[in-house]
Amino acid sequence: MSIRIDRREFLKVGLLAASAHLASQHRWSFVPKPLPPTASSKRILIIGAGLAGLVAAYELTQAGHDVTILEAQLRPGGRVLTLREPFSDGLYAEAGAARIPDNHDLTLHYVKHFGLTLVPFYPDKLARVFVLRGKRIRIQPGTELDLSQVPFELTAEERRLGMSGLLQKYLGGALRAMGDPSVPDWPSGSAKAYDNISMPEFLRQQGASHGAIELLEYPYASAEDDPTSFLWTLRENWYEAQETTRYKISGGNDLLPKAFAAKLKEKIHYGSPVVRIEQDSNKVRAIAVQSGTHHTFEADRLICTVPFPALRRVEVQPPFSERKRKAIAELTYDPVTRVILQCRSRFWEKDGYNGFGISDLPQEIFHPTFDQPGTRGLLVSYLLTGVGKRVGAMDPDRRTEFVSREMEKVHPGLLNHLEGCVSKVWPADPWAGGAGAEHSPGQLTTFCVGIERAEGRVHFAGEHTSGYPYWMQGALQSGLRAAEEVNEPR
Ligand SMILES: Cc1cc2nc3c(=O)[nH]c(=O)nc-3n(C[C@H](O)[C@H](O)[C@H](O)COP(=O)(O)OP(=O)(O)OC[C@H]3O[C@@H](n4cnc5c(N)ncnc54)[C@H](O)[C@@H]3O)c2cc1C
């Protein structure tokens, strides 16, 4: 058993055992089937050329509809963003979606459909490094974090249980009790109560020590500050407990949205931010600004894939229902900052490390160039929630200095090898407003119930409207669901 490094992975190891009985009952909610060809072609507008909009446009075009996508930016893909510039030697790294778990059937389906190649996300060689409270811990491949080395104040029993035992003790019961999140009426019954608290609160109720809470929150948040609904975290882990490995697309994950876009060609209007949506009983219209001029596009149906922070700036007439407006106004997004450091060499490999790790910031560290040619390397610092916001608010020079000094603690020698640094602050991106929908306590069971429901001729897609938020899989699921809705004869 190996412990990998993001929070999702961190928790997974122990939960795998706890939820093993669930795997056999599991049904993936979407087996991609082509839409039935339409007898009456509709004009369909789609706002956003991220994966949700692209898959909807692709499948609706195949079914015989007349589709137009309005995209604010000059590229497809939205939050699937592979950075190739300004790096040397053809190196690249992901600023957005990075990993594809092997149970994300829909993502895997389209990767295969477009003839793209998957490669492992994690190397199977060399050690990872965890820096916990300043202590560097080497994690050899195929081994679990040894709790005897962890400098947190754990009880004797917690230390004896080990990482897997700890997770099962404190989270296994809740995971079993929350039910199958892939069924339509989820969450029901007792699972709903988990939406009203955060994970640290739940762990405290279970009698976990402060040290255990801190450990289980790594590298996501602190024991005092996890802004996410515990139900959201449990659902993530329910799915993740059933994966066995993670991939990435060889050449960059943006090859997937680019493959869709290559098929849709001029159906996509780039540089076309929509500023207003209006509808009546016959038609729906989107008003987009193109080269400084307002243009009106009219259609029978509209699919809006705009992330809710960006949708807050779009005027809607007549206004959506009160519940939808509340969801648009309040849904929480993770304020991630990604910082990518280019190093003159992959010096960490000489010390037996593969570059991946976590550290006290807290941050998660990826090394996406372990399988790319050349001797230079890129290290990616993945800063989530509170720290993502804090580091994102720094001016770029200060941010580089801060993150590189932290990275020096993880990979000593970094400052001598650093050539340059690029960052992506997702909450500052006007077309996203955050990395992904990560519901705060109380949101999943209140105004987010039915978040995907159409409002008249306006249908909704995007990862935030799916049962798989903050994943490409969720974006694709939601795009197909919305495409099915508009394909139905009315
Ligand atoms: C830091 C980070 C890490 C992630 N990690 C992973 C991962 O490891 N694996 C994984 O599978 N997923 C991951 N994701 C999530 C994944 O990237 C998203 O869930 C998915 O790409 C969202 O697709 P979407 O179509 O719903 O939204 P988007 O990709 O955001 O697409 C929406 C589109 O709408 C456009 N738009 C916005 N406003 C307007 C407007 N007014 N008019 C016209 N166009 C507009 C935007 O420009 C954008 O192109 C990550 C995301 C981030 C940011």
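Only heavy atoms go into these numbers, but all of them, side chains included; no hydrogens, no water, no symmetry mates. By convention here, the first residue in the shown sequence is residue 1. We count ligands from 1, going down the list as the structure has it; atoms in each ligand are counted the same way.
- Between the K248 side chain and the P368 main chain, a donor and an acceptor come within less than 3.5 Å of each other.
- Applying the ring pair (Phe, Tyr, Trp, His ring centres under 6.0 Å) rule to W426 yields no partners; only residues at least two apart in sequence or on another chain are considered.
- Side chain of E217 to main chain of D226: no donor-acceptor pair is present (N/O by atom type, distance under 3.5 Å, no hydrogens or angles).
- By heavy-atom distance, the residue among A97, A475, P76 lying nearest atom 6 (C) of ligand 1 is A97.
- Listed by number with element, the atoms of ligand 1 under 4.0 angstrom from any heavy atom of R99 are 5 (N), 7 (C), 8 (O), 9 (N), 10 (C), 11 (O).
- A perpendicular orientation is assigned to the rings of H104 and Y468, their planes being inclined by more than 60° (bins at 30° and 60°).
- Residue Q73 has at least one nitrogen or oxygen atom sitting less than 3.5 Å from a nitrogen or oxygen atom of ligand 1, judged on distance alone.
- At a 3.5 angstrom cut-off on N or O pairs, R79 counts as close to ligand 1.
- Note: no N/O pair closer than 3.5 Å links R338 and ligand 1 by distance alone.
- Of all atoms in ligand 1, listed by their number and element, those nearer than 4.0 Å to a heavy atom of Y382 are 3 (C).
- At least one N or O atom of M472, backbone or side chain, sits closer than 3.5 Å to an N or O atom of ligand 1.
- The closest approach between any non-hydrogen atom of G479 and ligand 1 is not below 4.0 Å.
- Which of G474, P273, A52 comes nearest to atom 25 (O) of ligand 1 through a heavy atom is settled by distance: it is A52.
- Taking each of Y468, Y470, W471, W431 in turn, the one with a heavy atom nearest to atom 36 (N) of ligand 1 proves to be W431.
- At least one heavy atom of S272 sits less than 4.0 Å from an atom of ligand 1.
- The contact set between ligand 1 and G462, taken as ligand atoms under 4.0 Å from a residue heavy atom, comprises 26 (O).
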(request) Quick one: do F366 and F121 satisfy ring pair (Phe, Tyr, Trp, His ring centres under 6.0 Å)? Show the steps, please. (result) CA-CA 9 Å; F366 298 156; F121 185 78; 5.0 Å; yes
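- Proximity of a side-chain donor or acceptor of Q342 to a complementary backbone N or O of S88 within less than 3.5 Å is detected.
- Close approach of ligand 1 to L70 (heavy-atom distance below 4.0 Å) involves ligand atoms 43 (C), 44 (N).
- Near V80, meaning under 4.0 Å from any of its heavy atoms, are these atoms of ligand 1: 21 (O).
- Within the structure, the closest approach of A432 to ligand 1 does not fall below 4.0 Å when heavy atoms are considered.
- Using bins of under 30°, 30° to 60° and over 60° for the plane-to-plane angle, the ring pair W348/H411 lands in the tilted bin.
- Aromatic rings from F130 and Y218 are positioned such that their centres are separated by 6.0 Å or more.
- With 3.5 Å as the limit, one finds no donor-acceptor pair spanning the side chains of T337 and R399.
- Shown here for A191 and L231, the closest heavy-atom pair between the two residues is O-CD1, 3.6 Å.
- Of the polar atoms of E463, at least one N or O is found under 3.5 Å from an N or O of ligand 1, judged by distance alone.
- The closest heavy-atom contact to atom 53 (C) of ligand 1, among the options P309, G434, A435, comes from A435.
- The G48 neighbourhood of ligand 1 comprises atoms 33 (C), 34 (O), 35 (C), with distances under 4.0 Å to a heavy atom of that residue.
- Here atom 42 (N) of ligand 1 lies nearest to V274 when heavy atoms of L74, L383, V274 are compared.
- Here is the list of ligand 1 atoms found below 4.0 Å of a heavy atom in P307: 30 (O), 32 (C).
- Within the 4.0 Å heavy-atom criterion, neither part of P469 lies near ligand 1.
- A side-chain N or O of H367 and one of T369 form a donor-acceptor pair less than 3.5 Å apart.
- Residue A95 has at least one heavy-atom neighbour below 4.0 Å for each of these atoms of ligand 1: 1 (C).
- Formation of a donor-acceptor pair under 3.5 Å by the D195 side chain with backbone atoms of L444 is found in this model.
- The salt bridge (charged side-chain N to carboxylate O under 4.0 Å, His left out) test applied to R346 returns no partner, not counting sequence neighbours.
- The closest approach between any non-hydrogen atom of L51 and ligand 1 is below 4.0 Å.
- A tilted orientation is assigned to the rings of H295 and F297, their planes being inclined by 30° to 60°.
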